[in-house]
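Below is one structure, written out as structure tokens, with a few remarks after it.
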2 protein chains.
Amino acid sequence: MSNLVSVKFATLSEDIAQQLSRAIVQGHIPQGSKISEAELAKQYGVSRGPLREAIVKLEGLGLVTRTANVGARVIELNIDDMLETFAMREALEGMAARLASEKMPEEEVTRLYHLLDEHQAYLDANHDEHYVQQGGNDDFHLRIIHASGNTKLIRLLTEELYAVIRMYRHHTADQRRDPRQALREHRAILDAIANHEGDLAELLMRRHISRASQLLKQAMEQCLVKP
Amino acid sequence: MSNLVSVKFATLSEDIAQQLSRAIVQGHIPQGSKISEAELAKQYGVSRGPLREAIVKLEGLGLVTRTANVGARVIELNIDDMLETFAMREALEGMAARLASEKMPEEEVTRLYHLLDEHQAYLDANHDEHYVQQGGNDDFHLRIIHASGNTKLIRLLTEELYAVIRMYRHHTADQRRDPRQALREHRAILDAIANHEGDLAELLMRRHISRASQLLKQAMEQCLVKP
DNA sequence: TAAATAAAAATTGTCGACAATACAACTTGA
DNA sequence: TCAAGTTGTATTGTCGACAATTTTTATTTA
């Protein structure tokens with residue numbers, strides 16, 4: 001009986017999985033900590049069955065690691081793992097950008113240009129304070145991913161990889177020291193997509209993500225924000 | 001109490017997940033069929049608990065889809081899904097080839113050349129009958145993937161994506177009509193890796209996989225081998 | 001006959017209890 | 001004192017039973 005709102009899902013298991021995922025991503029359950037079934041079950045007011053099922057799902061998402069007869073632990077963030085994750089993200093989002101440049105409808109291109117204009121305006125108004133776009137519908141990357149039209153790719157990126165990616169964002173200090181640069185890169189990517197230049201869109205997206213991973217790496221080297 | 005050998009895993013859940021996975025990939029449990037918890041539990045001689053856990057894992061692997069209060073169904077293979085899967089595979093294995101060209105040790109390069117020679121000899125001896133390399137240690141692709149050194153990439157490709165990919169291989173007729181062409185492509189990829197030409201290795205791997213998906217598509221259009 | 005409703009059966013979701021395993025503390029013997 | 005073995009406790013793995021939901025079947029009505 002802990003968390004604020006318990007959005008009612010169809011089953012307890014889904015509900016718990018969702019809550020646990022958020023708790024881990026946002027650091028309420030610290031990295032490397034042990035997941036005690038009995039404890040969490042009592043905490044969330046359910047029996048161990050659904051909770052266990054939720055943990056198995058989290059293992060599939062890569063948020064926890066499980067060992068037989070020992071239990072589950074929250075993953076620990078480190079630079080090597082981050083680089084690995086971002087290498088995969090580079091490959092997959094690059095492909096998404098390529099596909100998007102073939103399939104994105106004109107209206108969505110227009111809407112995305114408007115979105116970038118809004119971001120620009122935000123930066124102008126807020127003294128370059130970087131905008132947070134964590135998974136909302138106004139996240140440029142998510143829009144590109146969805147425009148790829150590849151449902152499997154969408155699922156993998158948005159439901160699996162992004163859980164870990166958000167975790168890295170949450171646990172490291174504000175790494176975007178030059179949000180205008182990121183915005184310029186977004187605009188270049190969108191230009192390529194608008195012109196249906198798949199190769200270029202992929203290239204630019206990969207560079208963009210590669211650069212982000214380097215920035216994140218630097219941020220992690222300086223200080224890993226401990227929960 | 002059905003399957004031939006029940007390799008003893010640490011937990012029943014792992015054991016069942018493994019067996020179910022094989023049964024689905026090999027078509028012993030037909031596509032689109034319903035997974036009845038009670039029935040399978042009796043069949044494998046376990047209670048519904050571990051079996052349920054196994055099903056949740058299979059859902060994570062994308063082998064079954066689950067809907068609340070209704071149950072799990074084996075996925076149904078179709079061309080669109082196949083193309084989606086192979087698009088992801090193209091992106092990820094392309095990245096793997098790129099990384100492998102940076103990290104693969106000389107000895108492994110030599111061993112892989114020998115492996116390709118063996119394949120060549122096999123084709124010469126067996127009248128171009130295509131060699132089956134389903135997930136064994138002599139699978140060229142798996143060796144490249146492992147040489148990438150990216151553990152997350154390895155896990156995703158070998159444990160998740162390849163389950164579905166093997167399923168497509170199993171359920172479609174012999175699609176490789178020109179195994180020598182595939183071998184030539186493998187050799188070209190390995191050449192690029194040996195020369196540490198990451199860009200080229202990635203490009204060639206992507207072309208290779210793209211070509212394979214086109215062949216598979218043609219095979220599926222002609223006849224989907226029903227179980 | 002067909003559609004709509006209600007009862008029944010089957011299946012999934014959840015729970016509490018027991019068994020098996022792992023880890024810690026303690027004892028024993030050299 | 002230290003190593004090995006033993007016991008005890010805590011945690012996970014598994015099970016069978018009950019509750020909730022869906023699907024099927026039977027019944028009623030237009």
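In what follows, chains are A, B, ... by sequence order, proteins preceding strands, each numbered from 1.
Atom CG in A/Leu40 sits roughly 12 Å away from atom P in D/dT11 (whole-Å rounding). When rounded to the nearest whole Å, the span between CD of A/Glu53 and P of D/dG13 equals 14 Å. If you measure from atom CD of B/Glu59 to atom C1' of C/dT12, you get 14 Å, rounded to the nearest angstrom. Regarding B/Glu37, its CD atom lies at a distance of 15 Å from the C1' atom of D/dT14, rounded to whole Å. The CG atom of A/Leu51 sits 12 Å away from the C1' atom of C/dT14 (whole-angstrom rounding). Taking atom NZ on B/Lys42 and atom P on C/dA10, their separation rounds to 12 Å, with Å as the unit. Remark: C1' of D/dG13 and CD of B/Glu14 are 11 Å apart, rounded to the nearest angstrom. Protein atom CD1 of A/Ile16 is 12 Å distant from nucleotide atom C1' of C/dT14, rounded to whole Å.
Of the candidate nucleotides C/dT14, D/dT14, D/dT23, D/dT23 has the atom nearest to the side chain of B/Val70.
A sub-4.0 Å separation between OP1 or OP2 of D/dG13 and a side-chain N or O of A/Arg52 is present. Neither OP1 nor OP2 of C/dA10 sits under 4.0 Å from any side-chain N or O of B/Lys34.
Between the OG1 atom in A/Thr85 and the CG atom in B/Asn150 there is a gap of 7.5 Å [rounded to 0.5 Å].
Closest approach of B/Ser13 and B/Ala54 over heavy atoms only: O-CB, 3.8 Å. Nearest approach of B/Ala91 to A/Met95, heavy atoms of both residues: CB-CB, 3.8 Å. When every heavy atom of A/Ser148 is checked against every heavy atom of A/Leu153, the shortest pair comes out as OG-CD2, 4.0 Å.
Each of A/Ser13 and A/Ala68 lies near DNA chain C, and the nucleotide nearest A/Ser13 is the one positioned closer to the 5' end.
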Report each atom pair, protein N/O against N/O of nucleotides 15-17 of chain C, whose distance is under 3.5 angstrom.
residue : atom : partner : partner atom : Å
C/dC15  : OP2  : A/Ser47 : N            : 2.9
C/dC15  : OP2  : A/Ser47 : OG           : 3.2

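When the salt bridge (charged side-chain N to carboxylate O under 4.0 Å, His left out) test is applied to A/Glu53, the partners found at least two apart in sequence or on another chain are B/Arg52, B/Arg66.
Between the side chains of A/Lys57 and A/Ser21, no donor-acceptor pair of N or O atoms lies under 3.5 Å.
Remark: B/Glu202 engages B/Arg206 in a salt bridge, criterion side-chain N to carboxylate O under 4.0 Å.
Nucleic acid contact for A/Ile35: sugar-phosphate only, since backbone atoms but no base atoms lie under 4.0 Å from a heavy atom of the residue.
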